[in-house]
Amino acid sequence: MHNITPYSSPTYFIYLLLLLSPIMIGLYNGKRFRVYETFATVIILITAFFGGNMSQGISLICYILFEMVLVLSYLRYRTKENSKNNFWVFFWSVILAIIPLVFVKIDPLLNNATISLFAFMGISYLTFKSVEMIMEIRDGAIKEVKPWEFIRFLLFFPTITSGPIDRFRRFQKDVLKVPSREEYVALLKTGTNRLMLGLLYKFIIGYIFGTLLLPKVSVLALSYQHQAPLGLSWWVLAYMYVYSMYLFFDFAGYSLFAVAISNFLGVKTPMNFNKPFKSHNIKDFWNRWHMTLSFWFRDFIYMRLMFFMMKKKLVKNRVTMANLGYLTLFLIMGFWHGETWFYIVYGLFHAGAMITNDAWLRFKKRHKKSIPSNKFTECFAIFLTFNVVCFSFLIFSGFLNTLWFS
Amino acid sequence: MDVKAEIIAILKDVTGLDDVGSDPAENLFADGVLDSMATVEVLVAMQDKFGIQVPVSEFDRNQWNTVNKMVDRVGELEEA
């Protein structure tokens, strides 16, 4: 036996849908079978985390208990009468919440590492959810969380390994009610469409780019390495596009599965992608690519940091302030992806792209009359954004690391 | 000045665009008038002007995306 990664093969869906069918029949008839939902969750978590040597599963349980104690304690602190809402209590709660993830991320840097107490697939996504709850509890937006509700939110299995990242209050709205027959039929329809599109994306298009083409292009790029300056032959360019297509179709396909299965359970998990390669600029791109992650960073890091800097008047100039915000956000995102030079450079590259983009938008605003805007400039903007994004994915892929350092 | 005029004045000041608010039903986020940074500036300016508190958690873009909706939200928060 080994761990079964959710959605990793087409047959997984047959078993999954069989397991979920009582829930779906229940919802169709206006009932939520809560006990059976729990049973199905346990089955899926066992196959995903307890299939191998159980270490992932044990980590998951310890992690959930740790975060639950933390979040509920903070909630208790914030909801008691005359709660002081001390900044440092909030600060340390957030630090404690991310510490397990930080350890997991630092682990690969150390030899014979043992510091990652809780390593399991999907720890990042559960950490995003916990931190979101702490921040909204601080704002007084979340006023009540039962232990059971916390566990249900974190362990919602359709999204447990790789998101999309839902928000607690939004999620509660869906699980606390049963959709009407009409609503549920509509959800089943959109869910089915998303599932089919996901199968096409991940198992056909993603497979063609990732499994058939990518290894070939990779071998070619490595074999022409010595005939081009810095090893950058035309095959590296081919690698860049093939990898970018693979990344999109694989991840968007996976996200469609997660949203589709959520829909079957009567939960409207937010979408993760909205035609990202149609973006007009890099800002537009981040509103369309891995949206639940970028909105999380926007709402819980960028906007809060801006608020803080503006209130404390730390930085006078608004442009400097916005740029500092971008640098912070994308550096954190880089470190979150992993502690390697190419993830950090990927973060810095996107921060640079955002800063440049903002400067261009300011320039455009000032010279509105003299800058043409037509079908051609629009196509050019899309083309340019697409290539900037693909180049960033080449950095992200780590292929340059293979090419230059190994 | 009424609330609507005040809000339009804040938006003009933050965005530097003269025609902001000419269509009070315009979606300010979809049309790129406001980005995250400008949003925070508008919220801070509204806090100073109207004495209301808008925590980031309560800031749902769909509830604040037009001048009309901003006027409604400020009205609600002032009453509370």
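None of these values were measured; they are calculated from a predicted model. Sequence lines set the chain letters: A, B, ... in the order given, protein chains first and strands last, and positions in each chain run from 1.
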When you measure from the side chain of Lys365(A) to the backbone of Leu17(B), do you find a donor-acceptor pair of N or O atoms at a distance under 3.5 Å? no

Using non-hydrogen atoms and a 4.5 Å limit, figure out which bit of Phe307(A) sits close to chain B: side chain, backbone, both or neither. both

Counting heavy atoms not belonging to Phe87(A), are there more than 12 under 6.0 Å from its CZ? yes

With only heavy atoms counted, which part of Met310(A) is less than 4.5 Å from chain B, the side chain, the backbone, both or neither? side chain

Residue among Glu132(A), Arg167(A), Lys283(A), Arg138(A) with most heavy-atom pairs under 4.5 Å to chain B: Lys283(A)

I'd like to verify something: which residue of Arg366(A), Arg298(A), Met306(A) has the highest number of heavy-atom pairs under 4.5 Å with chain B? Arg298(A)

Identify the two heavy atoms, one from Asp299(A) and one from Val56(B), that lie closest to each other, and give their separation to 0.1 Å. O-CG1, 3.6 Å

Heavy-atom closest pair (Arg318(A) atom, Met37(B) atom, distance to 0.1 Å) is O-CE, 3.5 Å

How long is the gap from CG on Asp35(B) to CG on Asp358(A), to the nearest 0.5 Å? 6.0 Å

Counting heavy-atom pairs under 4.5 Å with chain B, the top scorer among Gly325(A), Gly140(A), Ala322(A) is Ala322(A)

Mind checking the CZ-CG spacing from Phe59(B) to Asp139(A)? Nearest 0.5 Å is all I need. 13.0 Å

Would you mind reporting whether Thr39(B) and Met303(A) have side-chain heavy atoms less than 4.5 Å apart? yes

With a cut-off of 6.0 Å (strictly less than), are more than 12 heavy atoms of other residues, nucleotides or ligands near CZ of Arg76(A)? no

Are Arg304(A) and Ser57(B) linked by a side-chain donor-acceptor pair shorter than 3.5 Å? yes

Under 4.5 Å heavy-atom distance to chain A, tell me which part of Glu41(B) shows up: side chain, backbone, both or neither. both

Rounded to the nearest 0.5 Å, what separates atom CG in Asn287(A) from atom OG in Ser36(B)? 7.5 Å

Spacing of CG belonging to Asp60(B) relative to CZ belonging to Arg169(A), to within rounding of 0.5 Å: 8.5 Å

